[in-house]
Peer 1: 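Right, I'll just put the structure down here and ask away after.
Order of appearance sets the numbers: ligands from 1, and atoms from 1 within every ligand. Values below: every heavy atom of this structure, side chains too, minus hydrogens, waters and symmetry copies.
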Amino acid sequence: MASDSDSDTDGSHVSATPPRSSHPSLPPKSRVRVHPIPNPKRRHPQIRPPEHCEPDHPAFPVANLSDLNGISVKKIHRPLDSGRSTSFSSLVRSRRPSFDPSSDLPKEDVVVPQHASQSGRAGNRINMARLHPNWLGPEAHSISSAAPPPKYAKSASEGNFVRLNINGYGRKKFSSRYGNKRVFSSSASRRYYRGSAKKMSSVLDVSTMQSKILEADEELVKVAAEEARVEPSDEKLRKLLKLTHGYDCYREGQLEAIRNVISGESTMLVLPTGAGKSLCYQLPALILPGVALVVSPLVALMVDQLRQLPPLIPGSLLTSNQTVEEASETLQKLHEGLIKVLFISPERFLNTEFLTAFRNGLSISFVAIDEAHCISEWSHNFRPSYLRLRASLLRSMLNIPCFVAMTATATTQTLHDVMGALEISSRNLIKSCKIRENLQLFVTINDNRLKDLLILIKSSPMVGMRSIIVYCKFQAETELVSRYLCDNNISAKVYHSNILSKDRIRTQELFCSNKIRVVVATVAFGMGLNKSDVDAVIHYSLPESLEEYVQETGRAGRDGRLSYCHLFIDNSTYYKLRSLLYSDGVDEYVITKLLSEIFAKDTSLDGNIYSLVKESASCKFDMKEEVLLTVLTLLEIGEVQYIQLQPHLNVTCTLYFHKTSPEVLSCKDVLVSAIISKSEKKHGHFVFNIPSIANYASTTTKDLLDHIRNLKYLGEVTYDLKDPAFCFAIVKKPDDLCSLTTHLTKRLSEIEKCKVQKLDEMFNLAHFATKECKGIDGCSSSMHTPCIRKMISEYFGRNNDVHPDFSFRSPQSSPFLHSDIKVFLQGNSHTNFTPRAVTRIMYGIPSPAFPYATWSTCHFWGRYSEIDFSVVMKAATLELMDRVKKCGN
Ligand SMILES: Nc1ncnc2c1ncn2[C@@H]1O[C@H](COP(=O)(O)OP(=O)(O)OP(=O)(O)O)[C@@H](O)[C@H]1O
């Protein structure tokens with residue numbers, strides 16, 4: 001059941017870190033030098049600073065940007081509506097009944113909403129297919145009537161994108177005050193876009209024109225930025241916006257956020273999807289001296305954000321997918337002052353080269369954290385790698401004047417966490433957590449979802465719609481739904497994380513260019529998707545939280561036109577999802593086992609590096625890698641710092657000697673000697689654990705790996721690296737292992753409980769709309785916009801501790817539960833189970849030690865997924881105790 005759950009891009013269960021190359025590239029010739037053999041006597045017993053990333057997590061490993069997921073290479077850019085105050089009726093009229101471009105249907109007349117009157121168009125019935133995309137309120141239109149039309153109104157999200165393409169194809173380079181050369185240096189990105197370059201010819205023509213405008217405007221922008229720095233008045237900031245983005249005015253929240261950042265005030269920015277949060281780091285980055293760091297959870301997102309930087313704001317990115325050369329190129333440009341915005345992953349703060357670069361003279365203007373809710377364990381999308389993003393820790397590494405945290409969805413509790421971590425004062429919270437006005441929300445209970453979906457898409461108003469996203473929870477479900485739609489003459493394509501990257505990119509391209517009508521996708525689709533005219537979002541399966549619902553519905557109607565969001569609910573999906581949420585749970589005794597291994601007797605505090613191989617540790621402790629990383633991060637950033645995390649590494653090395661014999665070489669080379677004496681010999685090759693040898697030889701893992709690489713370069717050896725591992729140094733051993741265990745277990749179980757609660761709230765909302773809504777607020781039939789809006793705003797505005805009590809709607813037990821567990825245990829008497837392992841099997845949840853492939857064929861797999869988890873767990877505990885007693889007798 002769970003095997004096809006698509007979670008690798010939403011991050012709730014999965015690493016934010018993109019796949020890495022397992023083989024390091026040969027160092028460039030010019031950099032090769034034979035390292036002096038270190039003195040085996042340890043000279044620096046203190047904790048070493050985080051090291052240079054190596055093969056599994058290399059500082060700059062070999063790029064494979066074709067692996068990026070979800071990147072659109074061609075986009076339709078339309079300035080967006082702020083989503084403010086268009087009346088429903090006018091919105092209805094604004095959407096054409098058919099989207100067939102060849103259609104000769106007359107365009108409908110629409111009444112311009114009230115606030116547009118201030119731009120001088122009041123009351124006019126104007127002939128237009130869509131409302132003006134830039135309806136931003138009175139202020140906006142009073143300005144827009146006076147201001148000249150934007151010179152390159154569509155360029156805001158094309159600048160870096162275009163530039164990357166041009167540079168990749170030897171076209172005219174943009175001249176810039178940042179050097180008359182390519183500033184968006186990522187050749188990886190260039191390669192990535194290369195495949196789509198042909199299709200870009202029309203865009204390139206536009207861009208050539210833009211480049212001329214750019215050259216002319218560059219000086220103006222420089223002056224305007226300087227003026228805004230000296231006096232960040234509305235007028236000065238508006239002038240800069242016009243010059244850089246071509247927009248007439250700011251949207252809600254933007255000005256305030258920008259002013260805060262300019263004056264060095266850390267700020268929390270919560271604005272709906274598509275509201276324009278990026279602008280709030282783009283302009284301050286241009287205005288302030290130094291480099292703005294933008295932390296992003298996914299490489300795909302970084303590439304997309306880089307592409308959306310306006311041409312006059314030079315940016316680049318550092319990802320673990322880049323080659324050493326590409327990363328060095330970026331660092332070089334940073335030093336030359338050619339980059340104003342640098343996109344990085346949260347793991348980057350473990351990387352010594354990165355930290356050194358910023359310690360040696362580079363100044364940071366501020367750090368922006370995108371998808372900042374990932375910091376909080378109480379968010380719908382917590383990522384352990386984000387846990388390290390705390391002001392105190394980051395400031396201890398780098399000189400960071402201020403932070404700006406951005407998200408579209410955050411509950412009060414999440415906000416509290418994020419703002420606490422980044423030391424943001426409550427007066428600097430800018431929040432507007434809502435569903436846009438132009439979204440109409442529908443909910444239905446569906447027992448036959450496939451058939452209902454087809455009927456929905458084939459009937460009015462969806463029958464005339466050109467772009468529809470159907471969200472499913474499981475990959476297999478997306479395949480099924482897409483096939484069914486295609487069989488019924490609806491052009492649909494599947495999108496999920498198990499689809500080849502090039503096919504995903506192609507699907508996104510086709511969707512963005514309106515060549516396919518429906519994308520049937522998991523949560524993987526949407527990060528970085530900036531298609532403004534998505535007409536409808538259908539939730540074929542229940543989202544796991546209101547945050548997810550708000551985020552996914554937010555992909556519809558970003559152009560401000562009336563758009564439809566339809567939610568299907570069915571009990572079985574709810575039960576399935578609920579059971580899956582228990583997959584991250586950990587028992588106290590497992591934590592004890594893990595801590596005992598981390599703080600084993602033979603570990604020391606003198607800077608040695610230790611490793612936990614991800615796969616084997618995850619199996620041994622029956623814990624997902626993400627959960628392991630959460631525990632390790634909590635040990636690092638808790639009240640007491642017990643460990644210091646190091647870059648992840650492939651820790652097992654197999655060394656093959658080719659020229660000089662190992663014995664002869666070890667006489668001349670102390671490190672080879674250490675390797676020979678501490679390795680396991682297999683078929684004439686030497687297999688060793690890199691941190692162990694580095695510890696033994698009193699060197700760093702980075703120096704050891706550099707040394708081996710140099711030997712390879714000299715033709716002496718070749719080597720293989722495997723076993724990705726978490727690496728850490730021990731800072732302090734816990735005085736009381738028991739209380740630390742209890743504390744960590746409690747924390748993990750709270751995270752689990754919170755996720756279940758979020759799903760329950762989502763189900764409750766849908767249940768209320770379909771079963772209990774009396775239509776008082778204007779809801780009718782399946783349309784529940786008013787009541788859903790109200791519940792969502794209550795949810796996001798609710799006080800931390802108040803959670804409505806939902807009684808889980810499944811049967812509480814079953815008369816057969818105990819006997820089934822007994823039979824199951826008898827049939828598997830040779831396997832060691834924990835109560836949680838038995839319960840997961842009864843729920844149909846695979847885990848590292850009890851994988852789907854082996855256990856899903858078991859007769860009891862998933863049989864009790866509709867019973868409360870704790871009830872099954874209690875029964876499993878009793879039956880296991882009974883088994884132990886019987887074995888004892
Ligand atoms: N003041 C403005 N006037 C007009 N358009 C704007 C304005 N600010 C931003 N935009 C445009 O709105 C679009 C969405 O902006 P952006 O991608 O920053 O949204 P976001 O809030 O980051 O959304 P998401 O949460 O989905 O990432 C972009 O095309 C951007 O250029």
Peer 1: Return yes or no for this condition: an N or O of Arg251 is under 3.5 Å from an N or O of ligand 1.
Peer 2: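 Looking only at distances, the answer is yes, because the N/O contact criterion of under 3.5 Å is met.
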
Peer 1: For ligand 1, which atoms have a heavy atom of Ser278 less than 4.0 angstrom away?
Peer 2: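 What qualifies from ligand 1 is 16 (P), 17 (O), 18 (O), 22 (O).
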
Peer 1: Tell me whether Ala275 has any N or O atom under 3.5 angstrom from an N or O of ligand 1.
Peer 2: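 Yes; the residue has a nitrogen or oxygen that sits under 3.5 Å from a nitrogen or oxygen of the ligand.
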
Peer 1: Examine the proximity of ligand 1 to Pro272 and report which part, side chain or backbone, both or neither, has a heavy atom under 4.0 Å away.
Peer 2: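 Backbone only.
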
Peer 1: Who gets closest to atom 25 (O) of ligand 1 by heavy atom: Gln305, Glu252, Lys277, Glu371?
Peer 2: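 When every heavy atom of Gln305, Glu252, Lys277, Glu371 is considered, Lys277 comes closest to atom 25 (O) of ligand 1.
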
Peer 1: List for me each residue that meets side chain to side chain contact (heavy atoms under 4.5 Å, CB included) alongside Thr785, sequence neighbours excluded, and say none if there are none.
Peer 2: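 Per chain and number, Thr785 pairs via side chain to side chain contact (heavy atoms under 4.5 Å, CB included) with Gln440, Leu441, Met783, Arg789.
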
Peer 1: With heavy-atom distances below 4.0 Å as the criterion, list the atoms of ligand 1 near Cys249.
Peer 2: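 Answer, ordered by atom number: 1 (N), 2 (C), 3 (N).
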
Peer 1: Quick one: which ligand 1 atoms are inside 4.0 Å of a heavy atom on Gln308?
Peer 2: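 Listed by number with element: 17 (O).
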
Peer 1: Give a yes or no on whether Lys493 atom NZ has more than 12 heavy-atom contacts from other residues, nucleotides or ligands under 6.0 Å away.
Peer 2: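 No, NZ of Lys493 has 12 or fewer neighbouring heavy atoms, counting only those of other groups under 6.0 Å.
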
Peer 1: So, Asn260 versus Glu256: side-chain donor-acceptor pair below 3.5 Å or not?
Peer 2: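 Result is no, nothing qualifies.
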
Peer 1: Does an N or O from Gly276, backbone or side chain, lie closer than 3.5 Å to an N or O of ligand 1?
Peer 2: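 Gly276 vs ligand 1: N/O contact under 3.5 Å present.
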
Peer 1: Under the salt bridge (Lys or Arg N to Asp or Glu O under 4.0 Å) test, which residues partner Glu235, sequence neighbours left out?
Peer 2: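 By the salt bridge (Lys or Arg N to Asp or Glu O under 4.0 Å) rule, Glu235 matches no residue at all.
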
Peer 1: What are the atoms of ligand 1, with element, lying closer than 4.0 Å to any heavy atom of Arg558?
Peer 2: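 The list of qualifying atoms is 14 (C), 23 (O), 26 (O).
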
Peer 1: Please confirm whether the backbone N or O of Gly557 pairs with a side-chain atom of Ser563, one donor and one acceptor, at under 3.5 Å?
Peer 2: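 Pair found, side chain donor or acceptor close to backbone of Gly557.
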
Peer 1: Under 6.0 Å from the six-membered ring centre of Phe511 and within 45° of its axis: does the NZ or CZ of Lys531 meet both?
Peer 2: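 Checked: cation-pi criterion met.
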
Peer 1: Under 4.0 Å between a side-chain nitrogen and a carboxylate oxygen: does that hold for Glu547 and Lys758?
Peer 2: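 Salt bridge between Glu547 and Lys758, a charged N being under 4.0 Å from a carboxylate O: yes.
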
Peer 1: Where's the contact between Met406 and ligand 1, heavy-atom distance under 4.0 Å: side chain, backbone, both or neither?
Peer 2: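 Within the 4.0 Å criterion, Met406 makes no contact with ligand 1.
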
Peer 1: Which residue, Arg466, Arg561, Arg517, Arg555, forms the salt bridge (charged side-chain N to carboxylate O under 4.0 Å, His left out) with Asp535?
Peer 2: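 Among the candidates, only Arg561 passes.
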
Peer 1: Looking at ligand 1, does Gly554 have a heavy atom less than 4.0 Å from it?
Peer 2: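 For ligand 1, residue contact (heavy atoms, under 4.0 Å) with Gly554 is absent.
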
